[in-house]
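Accompanying notes for the structure given below.
The shown structure was predicted, so the numbers you read here are calculated from the model rather than taken from an experiment. Chain letters run A, B, ... following the sequence lines, proteins first, then strands; residues in each count from 1.
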Number of protein chains: 2
Amino acid sequence: MDKLDLRILDQLQRDTSLTNQALAEQVGLSPSACLKRVRRLRERGIVQREVAILAPDALGANLHMLVEVTMARDNKTLYGQFIKQVEAAPEVTQCYQVTGEVDFVLVVSVPNMESYDRFCDRVLDASDNVHKFRTLISRKRTKFETRLPLDI
Amino acid sequence: MDKLDLRILDQLQRDTSLTNQALAEQVGLSPSACLKRVRRLRERGIVQREVAILAPDALGANLHMLVEVTMARDNKTLYGQFIKQVEAAPEVTQCYQVTGEVDFVLVVSVPNMESYDRFCDRVLDASDNVHKFRTLISRKRTKFETRLPLDI
DNA sequence: CGTGAAATATGTATCGT
DNA sequence: ACGATACATATTTCACG
């Protein structure tokens, strides 16, 4: 992965709505050469997917919860089970497996409190593996950047 | 925003790499009608932006930190200052303003520990407003979904 | 909202470095 | 192995019904 690939990735992380022509011009390549690289980056899985980011409040109040989950036992199998449940739950938009007193941090995105309640009943309270969890209610998501730093 | 718009948004949240033609077919519209709606959704800001999601590990080890920040005083101006600093810091990929003992939760994405250290020095330790912070180190990001639930 | 034609962009083959 | 040019195919975009 050379400088040109990094330039392409940097641009695609910011905006994929440009045409291949415009992208090629930006990074200093011919359209065909640029397209070849973009396709290769997709094939290699470096570009995982291309998605639209929607305004959270345009879709009915959107509520974000940060949930710190502590498991009952440190057991790989139980961890795997929990991760599967989390992956299957559409309310969980992010899951981080962390070190320390807490085992997981979830970002849960729901339209309202009732939805969050139902999620807790269905996923967290229903699991024997979950020892306890603490919810931090987000009043506002002031930054949401999908871009990863390529250069820090 | 009717059913057709929601169907379009649902698809765009999953994948924007399809052509307008394919999208139109999916949602049951002619290409021109579909394009008009997509453009309107962009103009209204409901579609904020279109981006590529990159594989975090394809770009050198990517380390995610969850940082709980507690402010020294509950002061709107100081909060605003902190939010500005956070917005300016490329390491901070997400910021949630939360209620409870903690005031903010940040997601900080860096290539390694040294980068995180530098970030702490530059942003967190340098700010008088920050009373204390707790870092949860993520070993693994097991789920990362930008999609917001349109229907839960 | 759909149709069809003009304007643009994408994709491919080939050549040159 | 990679990029540029040119040509064929596909898509976007717009005027009109």
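Listed nucleotides D/dT5, C/dT12, D/dT12 differ in distance to A/S30; the shortest reach to its side chain belongs to D/dT5. Out of C/dG2, D/dT12, C/dT10, the shortest distance to the side chain of B/Q21 is found at D/dT12. Of all nucleotides listed (D/dC2, D/dA4, C/dG11), D/dC2 comes nearest to the side chain of A/R37. When each of C/dG11, D/dG3, C/dG2 is scored by its nearest atom to the side-chain atoms of A/A33, the top-ranked nucleotide is D/dG3. The side chain of B/L4 has C/dC1 as its nearest neighbour among C/dG11, D/dT12, C/dC1.
Residue-level contact check: B/T19 touches the backbone only, with heavy atoms under 4.0 Å from sugar-phosphate atoms and none from bases. Here A/L23 lies out of heavy-atom contact (under 4.0 Å) with every strand.
With respect to the salt-bridge test (charged N to carboxylate O, under 4.0 angstrom), the residues A/R118 and A/E91 do not qualify. For B/E101 and B/R134, the salt-bridge test fails: no basic side-chain N is under 4.0 Å from an acidic carboxylate O. Ion pairing of A/D15 with B/R49 is absent here, as no side-chain N (NZ or NE/NH1/NH2) approaches a carboxylate O to less than 4.0 Å.
Rounding to whole angstrom units, CG of residue A/L35 and P of C/dA9 are separated by 14 Å. At whole-Å resolution of the value, NZ in B/K36 and P in D/dC14 are 10 Å apart. Between B/R7 atom CZ and C/dC1 atom C1' the separation is 15 Å, expressed in whole Å. Distance A/N20 CG to D/dA4 C1': 14 Å, rounded to the nearest Å. Between the C1' atom of D/dT5 and the CD atom of A/E25 lies a distance of 17 Å, rounded to the nearest Å. Note: NZ (A/K3) to P (D/dC2) measures 18 Å, nearest angstrom.
Connection of B/Y96 to A/I137 is not established within any shared hydrophobic cluster, with ILVMFWY side chains joined at heavy-atom distances below 4.5 Å, either directly or through further cluster members.
A/R40 has no side-chain polar atom (N or O) that falls below the 4.0 Å cut-off from OP1 or OP2 of D/dA1.
At a cut-off of 3.5 angstrom, the base of D/dT5 holds at least one donor-acceptor pair with the side chain of A/S32.
Using a 4.5 Å heavy-atom threshold, the side chains of B/L35 and B/R39 count as touching.
Closest-nucleotide positions on DNA chain C for B/G28 and A/L18 were compared, and the one nearer the 5' end corresponds to B/G28.
The distance between the ring centers of A/F104 and A/F133 does not fall below 6.0 angstrom.
One end of the helix from C/dC1-D/dG17 to C/dT17-D/dA1 points its axis 30° away from the other end's axis, with each axis taken from 5 pairs and the angle rounded to 10°.
In this structure, B/F144 and A/F144 have parallel ring planes: the angle between them is below the 30° cut-off, well short of the 60° mark.
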